[in-house]
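To start, the structure itself, in structure tokens.
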Amino acid sequence: MPFVFRTLILVLIGLGTVLGLAEWRWRVSTDDTQARLTRLGGSVPVAAPGRRRTLPPPVARYFDRVLPTPPRQLRHVRIIWTGEFNTGTPGADRWSRFDAEQDFFPGAPGMVWDAHIRMAPGLTVRVRDALVAGEGSMRASLLGLYTVADRHGTPELAEASLQRYLAEAVWLPEALLPEYGVRWDPVDDTRARATVRAGHASASVEFRFGADGLVSSASVPARLYDDGASEPSMHPWQGRYLAWAHVGGALVPSDAVVEWLLADGPFAYWRGRPVSIGDDDAAS
């Protein structure tokens, strides 16, 4: 019996060491991505109020509602998230808890998302999405040991990453100003299209504004959809902002859902809320 106990203890120690090493390697890789973004971020842009006078009316009303006075000059914003990720399929939802850290570098523009998705007790999938120098990437790993997905470098993924960046910039609304390279084009009285470039990639997202002046949704007519079971394909995609709250002087969404608009109807795959939004590196 003592031999069995000693063996079990050694196995547990060995497993803990392996998992600790995997976590360390994942963290080093994430830190390296953040360091690259920091170098690319450069200096914060100088305010150009004259350029704002050309904004479409619903966009101008939105900024009047959400921006702090004066607007911050952002170098780096970190958002701590919690929520649920749908690991099921259309018609067979399976929501799993996630926690994540997301770092935005509006001057790049770029971001890195580092998440833990709890699939089952003791079973965690690490997911890291990034946009660096106009290149999108997505890596998923079971317990940080076994690679589930590793995609990067394609034009479709670059565009999808930029689309996501624009849709999530509502949590740091200054990043949607023209000073940060965002071009706004009118669609109608309640919609406008935002376009941004990074490296050799560019992408646009259509924002819909409600009667309260706030963004109700962000959408694209075609975005890369990859369910891991069939060939990736292009489908409409949208994020809906369900509630708003003041954080750090800015008015930002406090609850949101993201979904694919498939032939059989919407498939919600992400719903989340920020725990904290930090802009310690904002310029004074």
Side-chain angles (χ1 to χ4, degrees), residues 30 33-34 37 41 59 62-63 66-67 72 74-86 98-115 117 127-132 134-138 157-177 180-182 184 192-198 201-209 214-220 223-224 237-245 247-248 250-260 268-279 281-282:
T30 301
T33 303
Q34 292 172 350
L37 280 168
V59 180
Y62 163 70
F63 285 134
V66 303
L67 290 177
R72 302 159 298 182
L74 303 177
R75 291 192 180 97
H76 170 208
V77 176
R78 170 169 289 185
I79 302 179
I80 307 299
W81 294 95
T82 190
E84 299 81 37
F85 190 85
N86 193 348
F98 80 81
D99 296 286
E101 295 180 359
Q102 187 172 20
D103 291 88
F104 287 91
F105 297 82
M111 61 146 190
V112 57
W113 158 280
D114 185 11
I117 302 175
V127 178
R128 182 172 60 242
D129 296 335
L131 171 65
V132 182
E135 180 178 292
S137 64
M138 190 277 284
L157 190 54
E159 182 182 31
S161 297
L162 273 172
Q163 290 166 339
R164 174 178 173 176
Y165 171 86
L166 281 170
E168 294 178 354
V170 293
W171 278 279
L172 48 151
E174 289 91 343
L176 289 170
L177 288 168
Y180 289 88
V182 179
W184 286 95
R193 185 175 300 108
T195 302
V196 71
R197 295 190 60 88
S202 67
S204 297
V205 170
E206 183 178 285
F207 289 80
R208 182 181 293 274
F209 301 87
L214 302 175
V215 177
S216 58
S217 67
S219 63
V220 299
R223 189 170 186 261
L224 187 65
W237 171 92
Q238 72 174 6
R240 293 186 291 118
Y241 310 101
L242 308 178
W244 293 72
V247 180
L251 185 59
V252 301
S254 57
D255 198 14
V257 61
V258 183
E259 52 202 7
W260 294 101
Y269 69 93
W270 183 99
R271 55 195 188 196
R273 55 215 62 90
V275 175
S276 65
I277 302 176
D279 60 338
D281 293 332

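Fair warning: this is a prediction, and the values are worked out from it, not measured in the lab.
- Residues Phe85 and Phe98 keep their aromatic ring centres 6.0 Å or farther apart.
- If you look at Phe104 and Trp113, their ring centroids are not closer than 6.0 Å.
- For Tyr180 (side chain) and Leu74 (main-chain N/O), a donor-acceptor pair under 3.5 Å exists by modelled atom type.
- Residues passing the salt bridge (Lys or Arg N to Asp or Glu O under 4.0 Å) test with Arg240 are Glu259, sequence neighbours excluded.
- For Trp184, the ring-ring contact (aromatic ring centres under 6.0 Å, His included) criterion is met by Phe207, not counting sequence neighbours.
- Salt bridge present: Glu84 and Arg273 bring a charged side-chain N and a carboxylate O closer than 4.0 Å.
- Aromatic pair Trp171/Trp81: ring centres closer than 6.0 Å.
- For the residue pair Trp237 and Gln163, no side-chain donor N or O sits within less than 3.5 Å of a side-chain acceptor on the partner.
- Going from atom CZ of Arg164 over to atom CZ of Arg223 covers 7.5 Å, rounded to the nearest 0.5 Å.
- A salt bridge between Asp103 and Arg78 is present, with a side-chain N of the basic residue lying under 4.0 Å from a carboxylate O of the acidic one.
- When atom types are taken as modelled, the side chain of Ser216 and the backbone of Arg208 share a donor-acceptor pair closer than 3.5 angstrom.
- Under a 3.5 Å cut-off, the side chain of Glu174 and the backbone N or O of Arg72 do form a donor-acceptor pair.
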